[in-house]
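Below, all heavy atoms of this structure are taken into account, side chains as well, without hydrogens, waters or symmetry copies. Every chain is numbered from 1 and lettered A, B, ... according to where its sequence line falls, protein lines coming before strand lines.
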Number of protein chains: 2
Amino acid sequence: MIARSDTKTALLNSAESAARRFGFDGFSYADLAKDVGIRKASIHHHFPSKADLSVALMERYHRNFQRICAEIDSGCETGGAKLQGLIRQYKEGSDNGRQLCLCVAFSASRDSLSPDVIKQIGLFRGMVTEWLEKALEQGRKDGSVSGVHSPEREAVSVLSLLEGAQLLARTDEDPAVFDQAITLLTMRICG
Amino acid sequence: MIARSDTKTALLNSAESAARRFGFDGFSYADLAKDVGIRKASIHHHFPSKADLSVALMERYHRNFQRICAEIDSGCETGGAKLQGLIRQYKEGSDNGRQLCLCVAFSASRDSLSPDVIKQIGLFRGMVTEWLEKALEQGRKDGSVSGVHSPEREAVSVLSLLEGAQLLARTDEDPAVFDQAITLLTMRICG
DNA sequence: GGCTGTCTGCCTACCAGTAGGTAGATAAAC
DNA sequence: GTTTATCTACCTACTGGTAGGCAGACAGCC
(Lines give C-alpha, C1' and ligand atoms only; values in the text may rest on other atoms or scores of the structure.)
Protein backbone atom coordinates (compact mmCIF):
# COMPACT_ATOMS: atom_id res chain seq x y z
CA MET A 1 0.00 0.00 0.00
CA ILE A 2 2.09 2.84 -1.29
CA ALA A 3 -0.56 5.36 -0.55
CA ARG A 4 -3.73 4.83 1.35
CA SER A 5 -4.90 8.23 0.36
CA ASP A 6 -2.52 9.92 -2.02
CA THR A 7 -5.57 11.28 -3.76
CA LYS A 8 -6.73 13.02 -0.62
CA THR A 9 -3.35 14.70 -0.24
CA ALA A 10 -3.28 15.59 -3.92
CA LEU A 11 -6.70 17.18 -3.55
CA LEU A 12 -5.59 19.19 -0.55
CA ASN A 13 -2.47 20.32 -2.37
CA SER A 14 -4.39 21.39 -5.42
CA ALA A 15 -7.10 23.09 -3.39
CA GLU A 16 -4.61 24.96 -1.24
CA SER A 17 -2.77 26.28 -4.23
CA ALA A 18 -5.99 27.30 -5.96
CA ALA A 19 -7.47 28.94 -2.87
CA ARG A 20 -4.32 30.94 -2.25
CA ARG A 21 -4.24 32.13 -5.85
CA PHE A 22 -7.93 32.66 -6.63
CA GLY A 23 -9.65 32.87 -3.25
CA PHE A 24 -12.40 30.70 -1.82
CA ASP A 25 -14.93 31.48 -4.54
CA GLY A 26 -12.31 31.35 -7.26
CA PHE A 27 -11.89 27.60 -7.57
CA SER A 28 -14.30 24.74 -8.09
CA TYR A 29 -14.51 20.99 -7.67
CA ALA A 30 -14.27 20.74 -11.45
CA ASP A 31 -10.93 22.56 -11.37
CA LEU A 32 -9.60 20.25 -8.68
CA ALA A 33 -10.82 17.17 -10.54
CA LYS A 34 -9.04 18.19 -13.71
CA ASP A 35 -5.87 19.02 -11.82
CA VAL A 36 -5.73 15.81 -9.78
CA GLY A 37 -6.98 13.55 -12.56
CA ILE A 38 -10.13 12.07 -11.14
CA ARG A 39 -13.80 12.83 -11.80
CA LYS A 40 -15.52 15.68 -10.08
CA ALA A 41 -17.99 13.43 -8.27
CA SER A 42 -15.16 11.40 -6.75
CA ILE A 43 -13.97 14.37 -4.76
CA HIS A 44 -17.14 14.16 -2.69
CA HIS A 45 -15.99 10.78 -1.46
CA HIS A 46 -13.00 12.45 0.24
CA PHE A 47 -14.63 15.77 1.10
CA PRO A 48 -18.44 15.60 1.12
CA SER A 49 -18.80 19.35 0.80
CA LYS A 50 -16.64 22.32 -0.03
CA ALA A 51 -16.97 23.42 3.58
CA ASP A 52 -15.43 20.10 4.72
CA LEU A 53 -12.58 20.59 2.28
CA SER A 54 -11.99 24.14 3.50
CA VAL A 55 -11.86 23.09 7.13
CA ALA A 56 -9.43 20.26 6.32
CA LEU A 57 -7.35 22.77 4.39
CA MET A 58 -7.14 25.17 7.32
CA GLU A 59 -6.38 22.38 9.79
CA ARG A 60 -3.48 21.09 7.72
CA TYR A 61 -2.25 24.63 7.14
CA HIS A 62 -2.41 25.29 10.87
CA ARG A 63 -0.41 22.15 11.71
CA ASN A 64 2.25 22.87 9.10
CA PHE A 65 2.65 26.44 10.21
CA GLN A 66 2.89 25.41 13.84
CA ARG A 67 5.72 23.04 12.92
CA ILE A 68 7.49 25.84 11.06
CA CYS A 69 7.17 28.14 14.06
CA ALA A 70 8.72 25.43 16.25
CA GLU A 71 11.58 25.05 13.78
CA ILE A 72 12.23 28.78 13.85
CA ASP A 73 12.25 28.67 17.64
CA SER A 74 14.84 25.92 17.77
CA GLY A 75 16.99 27.47 15.05
CA CYS A 76 17.13 31.07 16.27
CA GLU A 77 18.77 32.57 19.31
CA THR A 78 17.29 36.04 19.63
CA GLY A 79 13.73 37.35 19.42
CA GLY A 80 14.78 39.49 16.48
CA ALA A 81 16.11 36.49 14.61
CA LYS A 82 12.85 34.67 15.22
CA LEU A 83 10.90 37.59 13.78
CA GLN A 84 13.19 37.55 10.75
CA GLY A 85 12.44 33.86 10.43
CA LEU A 86 8.70 34.43 10.38
CA ILE A 87 9.07 37.28 7.91
CA ARG A 88 11.01 34.98 5.59
CA GLN A 89 8.23 32.44 5.95
CA TYR A 90 5.54 34.92 4.92
CA LYS A 91 7.64 36.16 2.06
CA GLU A 92 8.33 32.67 0.74
CA GLY A 93 4.69 31.82 1.33
CA SER A 94 3.64 34.59 -1.01
CA ASP A 95 5.65 32.95 -3.82
CA ASN A 96 6.86 36.24 -5.26
CA GLY A 97 3.45 37.82 -4.92
CA ARG A 98 1.65 35.08 -6.78
CA GLN A 99 -0.37 33.82 -3.84
CA LEU A 100 -1.53 34.65 -0.32
CA CYS A 101 -1.48 33.06 3.08
CA LEU A 102 -4.49 30.74 3.16
CA CYS A 103 -6.17 32.68 5.92
CA VAL A 104 -5.75 35.96 4.04
CA ALA A 105 -7.34 34.38 1.00
CA PHE A 106 -10.22 33.03 3.08
CA SER A 107 -10.72 36.19 5.15
CA ALA A 108 -11.49 38.24 2.07
CA SER A 109 -14.43 35.98 1.20
CA ARG A 110 -15.60 35.75 4.78
CA ASP A 111 -19.31 35.89 4.07
CA SER A 112 -19.14 32.96 1.66
CA LEU A 113 -17.50 30.79 4.30
CA SER A 114 -18.95 28.21 6.66
CA PRO A 115 -18.79 29.07 10.36
CA ASP A 116 -16.36 26.20 10.94
CA VAL A 117 -13.83 27.70 8.55
CA ILE A 118 -14.13 31.10 10.20
CA LYS A 119 -13.43 29.42 13.52
CA GLN A 120 -10.34 27.78 12.03
CA ILE A 121 -9.06 31.13 10.78
CA GLY A 122 -9.42 32.49 14.31
CA LEU A 123 -7.51 29.54 15.76
CA PHE A 124 -4.71 29.96 13.23
CA ARG A 125 -4.35 33.67 13.92
CA GLY A 126 -4.42 33.01 17.65
CA MET A 127 -1.57 30.54 17.33
CA VAL A 128 0.59 32.91 15.26
CA THR A 129 -0.21 35.87 17.52
CA GLU A 130 0.81 33.94 20.62
CA TRP A 131 4.06 32.93 18.99
CA LEU A 132 4.72 36.54 17.94
CA GLU A 133 4.02 37.79 21.43
CA LYS A 134 6.70 35.50 22.86
CA ALA A 135 9.17 36.48 20.16
CA LEU A 136 8.58 40.19 20.80
CA GLU A 137 8.89 39.71 24.54
CA GLN A 138 12.15 37.88 24.05
CA GLY A 139 13.37 40.56 21.63
CA ARG A 140 12.66 43.22 24.18
CA LYS A 141 14.64 41.38 26.83
CA ASP A 142 17.63 40.48 24.69
CA GLY A 143 17.67 43.88 22.99
CA SER A 144 17.26 42.51 19.47
CA VAL A 145 13.98 44.33 18.90
CA SER A 146 13.68 48.02 19.71
CA GLY A 147 10.72 49.99 21.00
CA VAL A 148 8.63 47.08 22.26
CA HIS A 149 6.07 48.35 24.74
CA SER A 150 3.16 45.94 24.64
CA PRO A 151 4.10 42.57 23.09
CA GLU A 152 0.46 41.52 23.21
CA ARG A 153 -0.89 44.44 21.19
CA GLU A 154 2.10 44.60 18.89
CA ALA A 155 1.88 40.91 18.06
CA VAL A 156 -1.52 41.46 16.44
CA SER A 157 -0.10 44.46 14.65
CA VAL A 158 2.86 42.54 13.26
CA LEU A 159 0.57 39.85 11.92
CA SER A 160 -1.60 42.52 10.39
CA LEU A 161 1.43 44.02 8.70
CA LEU A 162 2.58 40.67 7.31
CA GLU A 163 -0.84 39.85 5.90
CA GLY A 164 -1.20 43.33 4.44
CA ALA A 165 2.24 43.07 2.87
CA GLN A 166 1.23 39.88 1.06
CA LEU A 167 -1.87 41.61 -0.22
CA LEU A 168 0.05 44.60 -1.57
CA ALA A 169 2.73 42.43 -3.15
CA ARG A 170 0.00 40.37 -4.78
CA THR A 171 -1.38 43.18 -6.91
CA ASP A 172 1.92 43.89 -8.61
CA GLU A 173 3.15 40.30 -8.27
CA ASP A 174 6.36 41.86 -7.01
CA PRO A 175 8.31 40.55 -4.00
CA ALA A 176 10.09 43.92 -3.65
CA VAL A 177 6.77 45.45 -2.64
CA PHE A 178 6.60 42.94 0.19
CA ASP A 179 9.98 44.04 1.53
CA GLN A 180 8.97 47.67 1.37
CA ALA A 181 5.62 46.96 3.01
CA ILE A 182 7.15 45.46 6.15
CA THR A 183 9.46 48.45 6.75
CA LEU A 184 7.59 49.38 9.93
CA LEU A 185 8.72 46.05 11.35
CA THR A 186 12.20 45.54 9.91
CA MET A 187 13.37 49.00 11.00
CA ARG A 188 12.96 47.85 14.56
CA ILE A 189 14.84 44.57 14.38
CA CYS A 190 18.37 45.23 15.54
CA GLY A 191 20.18 41.93 15.42
CA MET B 1 -35.73 65.01 -15.16
CA ILE B 2 -35.20 64.18 -11.53
CA ALA B 3 -32.67 61.51 -12.20
CA ARG B 4 -31.03 60.83 -15.49
CA SER B 5 -29.32 57.79 -14.10
CA ASP B 6 -30.25 57.08 -10.53
CA THR B 7 -30.25 53.41 -11.48
CA LYS B 8 -26.61 53.54 -12.46
CA THR B 9 -25.71 55.03 -9.09
CA ALA B 10 -27.88 52.52 -7.30
CA LEU B 11 -26.10 49.72 -9.14
CA LEU B 12 -22.70 51.11 -8.20
CA ASN B 13 -23.77 51.44 -4.57
CA SER B 14 -25.09 47.92 -4.44
CA ALA B 15 -22.08 46.48 -6.23
CA GLU B 16 -19.61 48.31 -4.01
CA SER B 17 -21.27 47.09 -0.87
CA ALA B 18 -21.46 43.53 -2.18
CA ALA B 19 -17.86 43.49 -3.42
CA ARG B 20 -16.57 44.79 -0.11
CA ARG B 21 -18.52 42.18 1.81
CA PHE B 22 -18.21 39.11 -0.43
CA GLY B 23 -15.29 39.83 -2.75
CA PHE B 24 -15.24 40.04 -6.52
CA ASP B 25 -16.40 36.48 -7.11
CA GLY B 26 -18.90 36.65 -4.30
CA PHE B 27 -21.61 38.72 -5.95
CA SER B 28 -23.51 38.33 -9.20
CA TYR B 29 -25.58 40.40 -11.59
CA ALA B 30 -28.61 38.54 -10.27
CA ASP B 31 -27.86 39.76 -6.74
CA LEU B 32 -27.52 43.34 -7.92
CA ALA B 33 -30.72 43.12 -9.94
CA LYS B 34 -32.70 41.92 -6.96
CA ASP B 35 -31.19 44.56 -4.71
CA VAL B 36 -31.75 47.49 -7.08
CA GLY B 37 -35.12 46.31 -8.34
CA ILE B 38 -34.55 45.88 -12.06
CA ARG B 39 -34.05 42.79 -14.19
CA LYS B 40 -30.67 41.16 -14.50
CA ALA B 41 -30.38 41.83 -18.22
CA SER B 42 -30.99 45.52 -17.72
CA ILE B 43 -27.75 45.86 -15.81
CA HIS B 44 -25.90 45.17 -19.04
CA HIS B 45 -27.41 48.35 -20.43
CA HIS B 46 -25.46 50.35 -17.85
CA PHE B 47 -22.41 48.11 -17.54
CA PRO B 48 -21.93 45.81 -20.54
CA SER B 49 -19.71 43.42 -18.60
CA LYS B 50 -18.71 42.75 -15.02
CA ALA B 51 -15.25 44.04 -15.90
CA ASP B 52 -16.76 47.39 -16.94
CA LEU B 53 -18.68 47.55 -13.69
CA SER B 54 -15.56 46.78 -11.67
CA VAL B 55 -13.54 49.49 -13.38
CA ALA B 56 -16.32 52.03 -12.82
CA LEU B 57 -16.43 50.94 -9.21
CA MET B 58 -12.73 51.49 -8.69
CA GLU B 59 -12.78 54.84 -10.50
CA ARG B 60 -15.56 56.16 -8.33
CA TYR B 61 -13.90 54.78 -5.22
CA HIS B 62 -10.63 56.45 -6.21
CA ARG B 63 -12.30 59.84 -6.75
CA ASN B 64 -14.17 59.68 -3.45
CA PHE B 65 -11.10 58.69 -1.52
CA GLN B 66 -9.06 61.44 -3.13
CA ARG B 67 -11.66 63.97 -2.02
CA ILE B 68 -11.53 62.57 1.52
CA CYS B 69 -7.74 62.90 1.57
CA ALA B 70 -8.04 66.52 0.49
CA GLU B 71 -10.57 67.15 3.25
CA ILE B 72 -8.21 65.66 5.82
CA ASP B 73 -5.42 67.89 4.50
CA SER B 74 -7.45 71.04 4.87
CA GLY B 75 -8.83 70.08 8.27
CA CYS B 76 -5.62 68.95 10.00
CA GLU B 77 -2.59 70.92 11.06
CA THR B 78 0.10 68.37 11.79
CA GLY B 79 1.28 65.28 9.92
CA GLY B 80 0.29 63.18 12.89
CA ALA B 81 -3.24 64.54 12.83
CA LYS B 82 -3.48 63.74 9.13
CA LEU B 83 -2.42 60.16 9.79
CA GLN B 84 -5.05 59.93 12.50
CA GLY B 85 -7.56 61.20 9.97
CA LEU B 86 -6.68 58.50 7.48
CA ILE B 87 -6.77 55.84 10.19
CA ARG B 88 -10.27 56.98 11.13
CA GLN B 89 -11.24 56.72 7.49
CA TYR B 90 -10.03 53.14 7.18
CA LYS B 91 -11.71 52.20 10.42
CA GLU B 92 -15.02 53.72 9.42
CA GLY B 93 -14.61 52.19 5.98
CA SER B 94 -14.45 48.74 7.54
CA ASP B 95 -17.90 49.29 9.06
CA ASN B 96 -17.05 47.55 12.32
CA GLY B 97 -15.28 44.75 10.52
CA ARG B 98 -18.20 43.95 8.25
CA GLN B 99 -16.49 44.96 5.02
CA LEU B 100 -13.14 45.78 3.44
CA CYS B 101 -11.60 48.56 1.44
CA LEU B 102 -12.61 47.89 -2.17
CA CYS B 103 -9.05 47.38 -3.28
CA VAL B 104 -8.41 44.86 -0.50
CA ALA B 105 -11.48 42.95 -1.57
CA PHE B 106 -10.37 43.00 -5.21
CA SER B 107 -6.72 42.21 -4.51
CA ALA B 108 -7.60 38.90 -2.94
CA SER B 109 -9.33 37.74 -6.14
CA ARG B 110 -6.61 39.13 -8.36
CA ASP B 111 -6.55 36.28 -10.88
CA SER B 112 -10.27 36.60 -11.57
CA LEU B 113 -9.89 40.28 -12.40
CA SER B 114 -9.57 42.03 -15.74
CA PRO B 115 -6.23 43.79 -16.37
CA ASP B 116 -7.99 47.16 -16.32
CA VAL B 117 -9.19 46.62 -12.77
CA ILE B 118 -5.72 45.58 -11.64
CA LYS B 119 -4.40 48.79 -13.16
CA GLN B 120 -7.02 50.76 -11.23
CA ILE B 121 -5.98 49.12 -7.97
CA GLY B 122 -2.41 50.18 -8.65
CA LEU B 123 -3.49 53.76 -9.35
CA PHE B 124 -5.50 53.88 -6.13
CA ARG B 125 -2.65 52.56 -4.01
CA GLY B 126 -0.26 54.98 -5.69
CA MET B 127 -2.50 57.89 -4.80
CA VAL B 128 -2.83 56.86 -1.14
CA THR B 129 0.89 56.09 -0.85
CA GLU B 130 1.84 59.51 -2.19
CA TRP B 131 -0.49 61.18 0.25
CA LEU B 132 0.93 59.11 3.13
CA GLU B 133 4.47 59.98 2.13
CA LYS B 134 3.70 63.71 2.39
CA ALA B 135 1.93 63.25 5.73
CA LEU B 136 4.87 61.28 7.15
CA GLU B 137 7.35 63.84 5.85
CA GLN B 138 5.34 66.61 7.47
CA GLY B 139 5.05 64.64 10.69
CA ARG B 140 8.80 64.22 10.80
CA LYS B 141 9.34 67.96 10.37
CA ASP B 142 6.71 69.13 12.85
CA GLY B 143 7.58 66.41 15.35
CA SER B 144 4.11 64.87 15.44
CA VAL B 145 5.35 61.50 14.19
CA SER B 146 8.36 59.85 15.78
CA GLY B 147 11.00 57.66 14.21
CA VAL B 148 10.40 58.55 10.56
CA HIS B 149 13.45 57.64 8.51
CA SER B 150 12.25 56.99 4.97
CA PRO B 151 8.78 58.46 4.31
CA GLU B 152 8.69 56.76 0.93
CA ARG B 153 9.25 53.23 2.24
CA GLU B 154 7.20 53.76 5.36
CA ALA B 155 4.23 55.07 3.39
CA VAL B 156 3.85 51.70 1.68
CA SER B 157 4.22 50.02 5.02
CA VAL B 158 1.53 52.14 6.66
CA LEU B 159 -0.89 51.33 3.85
CA SER B 160 -0.04 47.68 4.23
CA LEU B 161 -0.76 47.89 7.94
CA LEU B 162 -4.13 49.58 7.37
CA GLU B 163 -5.23 47.03 4.81
CA GLY B 164 -4.05 44.17 6.98
CA ALA B 165 -5.89 45.61 9.96
CA GLN B 166 -9.16 45.61 8.01
CA LEU B 167 -8.55 42.00 7.08
CA LEU B 168 -7.95 40.92 10.67
CA ALA B 169 -10.91 42.87 12.00
CA ARG B 170 -13.06 41.27 9.32
CA THR B 171 -12.68 37.72 10.59
CA ASP B 172 -14.01 38.52 14.05
CA GLU B 173 -16.20 41.37 12.82
CA ASP B 174 -14.69 43.31 15.70
CA PRO B 175 -13.56 46.96 15.44
CA ALA B 176 -11.41 46.51 18.56
CA VAL B 177 -9.18 44.16 16.57
CA PHE B 178 -8.62 46.96 14.08
CA ASP B 179 -7.40 49.29 16.81
CA GLN B 180 -5.05 46.67 18.14
CA ALA B 181 -3.78 45.82 14.67
CA ILE B 182 -2.58 49.34 13.93
CA THR B 183 -0.56 49.60 17.16
CA LEU B 184 2.71 49.71 15.20
CA LEU B 185 1.49 52.98 13.70
CA THR B 186 -0.41 54.66 16.53
CA MET B 187 2.45 54.19 19.00
CA ARG B 188 4.47 56.57 16.85
CA ILE B 189 1.96 59.38 16.50
CA CYS B 190 2.77 61.91 19.17
CA GLY B 191 0.32 64.73 18.68
C1' DG C 1 -49.93 72.25 -33.07
C1' DG C 2 -48.90 67.38 -35.08
C1' DC C 3 -45.57 63.94 -37.33
C1' DT C 4 -41.38 61.28 -37.46
C1' DG C 5 -37.05 59.20 -36.18
C1' DT C 6 -33.84 58.44 -32.55
C1' DC C 7 -32.27 57.57 -28.00
C1' DT C 8 -32.86 55.81 -23.25
C1' DG C 9 -33.99 52.50 -20.00
C1' DC C 10 -36.04 48.72 -19.16
C1' DC C 11 -38.34 44.32 -20.24
C1' DT C 12 -39.06 38.96 -21.47
C1' DA C 13 -36.95 35.07 -23.05
C1' DC C 14 -33.18 32.76 -23.96
C1' DC C 15 -28.15 30.91 -24.38
C1' DA C 16 -24.05 27.88 -23.16
C1' DG C 17 -21.43 26.97 -19.43
C1' DT C 18 -20.56 25.96 -14.62
C1' DA C 19 -21.60 25.57 -9.63
C1' DG C 20 -21.90 22.06 -5.79
C1' DG C 21 -23.99 17.88 -5.02
C1' DT C 22 -26.45 13.06 -5.56
C1' DA C 23 -27.61 8.09 -7.08
C1' DG C 24 -26.18 3.97 -8.19
C1' DA C 25 -22.87 0.81 -10.38
C1' DT C 26 -18.27 -1.42 -10.42
C1' DA C 27 -14.06 -3.37 -9.25
C1' DA C 28 -10.41 -4.11 -6.32
C1' DA C 29 -8.57 -4.54 -1.32
C1' DC C 30 -8.87 -6.26 3.30
C1' DG D 1 -18.39 -9.79 2.10
C1' DT D 2 -17.87 -5.53 3.61
C1' DT D 3 -15.24 -1.44 2.88
C1' DT D 4 -12.79 1.79 -0.12
C1' DA D 5 -12.16 4.44 -4.10
C1' DT D 6 -13.57 5.36 -8.16
C1' DC D 7 -16.72 5.74 -12.13
C1' DT D 8 -20.92 7.36 -15.31
C1' DA D 9 -24.82 9.89 -15.44
C1' DC D 10 -27.54 13.02 -13.73
C1' DC D 11 -29.75 16.98 -10.89
C1' DT D 12 -31.09 21.85 -9.74
C1' DA D 13 -29.57 26.35 -9.32
C1' DC D 14 -27.08 29.84 -10.96
C1' DT D 15 -23.20 32.27 -13.90
C1' DG D 16 -22.31 36.28 -17.22
C1' DG D 17 -24.08 37.53 -21.43
C1' DT D 18 -27.25 38.14 -25.78
C1' DA D 19 -31.41 39.06 -28.87
C1' DG D 20 -35.12 41.51 -29.70
C1' DG D 21 -38.99 44.22 -28.31
C1' DC D 22 -41.40 48.20 -26.27
C1' DA D 23 -42.86 52.47 -23.88
C1' DG D 24 -41.67 57.08 -23.05
C1' DA D 25 -38.78 61.28 -23.75
C1' DC D 26 -36.92 64.39 -27.11
C1' DA D 27 -35.51 66.42 -30.85
C1' DG D 28 -36.20 68.59 -35.70
C1' DC D 29 -39.38 69.56 -39.12
C1' DC D 30 -43.68 70.83 -41.58
For A:Arg20, what residues pass the side chain to side chain contact (heavy atoms under 4.5 Å, CB included) criterion, not counting sequence neighbours? A:Glu16, A:Tyr61, A:Gln99, A:Leu102
Using atom CG of A:Asp25 as one end and atom P of C:dT18 as the other, report the distance to the nearest whole Å. 17 Å
How many whole angstroms separate atom CZ of A:Arg39 from atom P of C:dA19? 15 Å
Can you measure A:Asp31 atom CG to C:dG21 atom P for me and round it to whole angstrom units? 14 Å
Salt-bridge contact B:Arg21-B:Asp95 (side-chain N to carboxylate O under 4.0 Å): yes
Gap between atoms CD1 and P, on A:Ile43 and D:dT8 respectively (whole Å): 14 Å
Listed by chain and number, what are the side chain to side chain donor-acceptor pair (under 3.5 Å) partners of B:Glu77, not counting sequence neighbours? none
Indicate every side-chain donor-acceptor pair of residues 120-130 of chain A with a distance under 3.5 Å to a residue at least two apart or in another chain.
{"from": "A:Arg125", "atom 1": "NE", "to": "A:Glu163", "atom 2": "OE1", "distance (Å)": "3.4"}
{"from": "A:Arg125", "atom 1": "NE", "to": "A:Glu163", "atom 2": "OE2", "distance (Å)": "2.9"}
{"from": "A:Arg125", "atom 1": "NH1", "to": "B:Thr171", "atom 2": "OG1", "distance (Å)": "2.7"}
{"from": "A:Arg125", "atom 1": "NH2", "to": "A:Ser107", "atom 2": "OG", "distance (Å)": "2.8"}
{"from": "A:Arg125", "atom 1": "NH2", "to": "A:Glu163", "atom 2": "OE1", "distance (Å)": "3.0"}
{"from": "A:Thr129", "atom 1": "OG1", "to": "A:Arg125", "atom 2": "O", "distance (Å)": "2.6"}

I'd like to know if the side chain of B:Ser109 reaches the main chain of B:Ser112, judged simply by a donor and an acceptor atom lying under 3.5 Å from each other, with no hydrogens or angles considered. no
Is the phosphate of C:dC10 approached by B:Thr7 (side-chain N or O, under 4.0 Å from OP1 or OP2)? yes
Residues from residues 11-22 of chain A lying under 4.0 Å of DNA chain C - heavy atoms: none
Examine D:dC7: is either OP1 or OP2 under 4.0 Å from a nitrogen or oxygen in the side chain of A:Ser42? Give yes or no. yes
Output all residues satisfying ring-ring contact (aromatic ring centres under 6.0 Å, His included) with A:Phe24, sequence neighbours left out; order by chain, then residue number. A:Phe106
Protein-nucleotides 16-20 of chain D N/O pairs closer than 3.5 Å?
{"from": "D:dG16", "atom 1": "OP1", "to": "B:Phe27", "atom 2": "O", "distance (Å)": "3.4"}
{"from": "D:dG16", "atom 1": "OP1", "to": "B:Lys50", "atom 2": "NZ", "distance (Å)": "3.1"}
{"from": "D:dG16", "atom 1": "OP2", "to": "B:Tyr29", "atom 2": "N", "distance (Å)": "2.9"}
{"from": "D:dG16", "atom 1": "N7", "to": "B:Lys40", "atom 2": "NZ", "distance (Å)": "3.1"}
{"from": "D:dG16", "atom 1": "O6", "to": "B:Lys40", "atom 2": "NZ", "distance (Å)": "3.0"}
{"from": "D:dG17", "atom 1": "OP2", "to": "B:Lys50", "atom 2": "N", "distance (Å)": "2.9"}
{"from": "D:dG17", "atom 1": "N7", "to": "B:His44", "atom 2": "NE2", "distance (Å)": "3.4"}
{"from": "D:dG17", "atom 1": "O6", "to": "B:Lys40", "atom 2": "NZ", "distance (Å)": "3.1"}

B:Asp174: partners by side chain to side chain donor-acceptor pair (under 3.5 Å), with sequence neighbours left out: none
Tell me the interatomic distance from A:His45, atom NE2, to D:dT8, atom C1', rounded to whole angstroms. 17 Å
With sequence neighbours left out, write down each residue that passes ring-ring contact (aromatic ring centres under 6.0 Å, His included) with A:Tyr90, or none if nothing qualifies. A:Phe65
How would you list, by chain and number, every residue that makes a side chain to side chain donor-acceptor pair (under 3.5 Å) with B:Lys82, sequence neighbours excluded? B:Asp73, B:Gln138
Does a nitrogen or oxygen in the side chain of B:His46 sit under 4.0 Å from OP1 or OP2 of C:dC10? yes
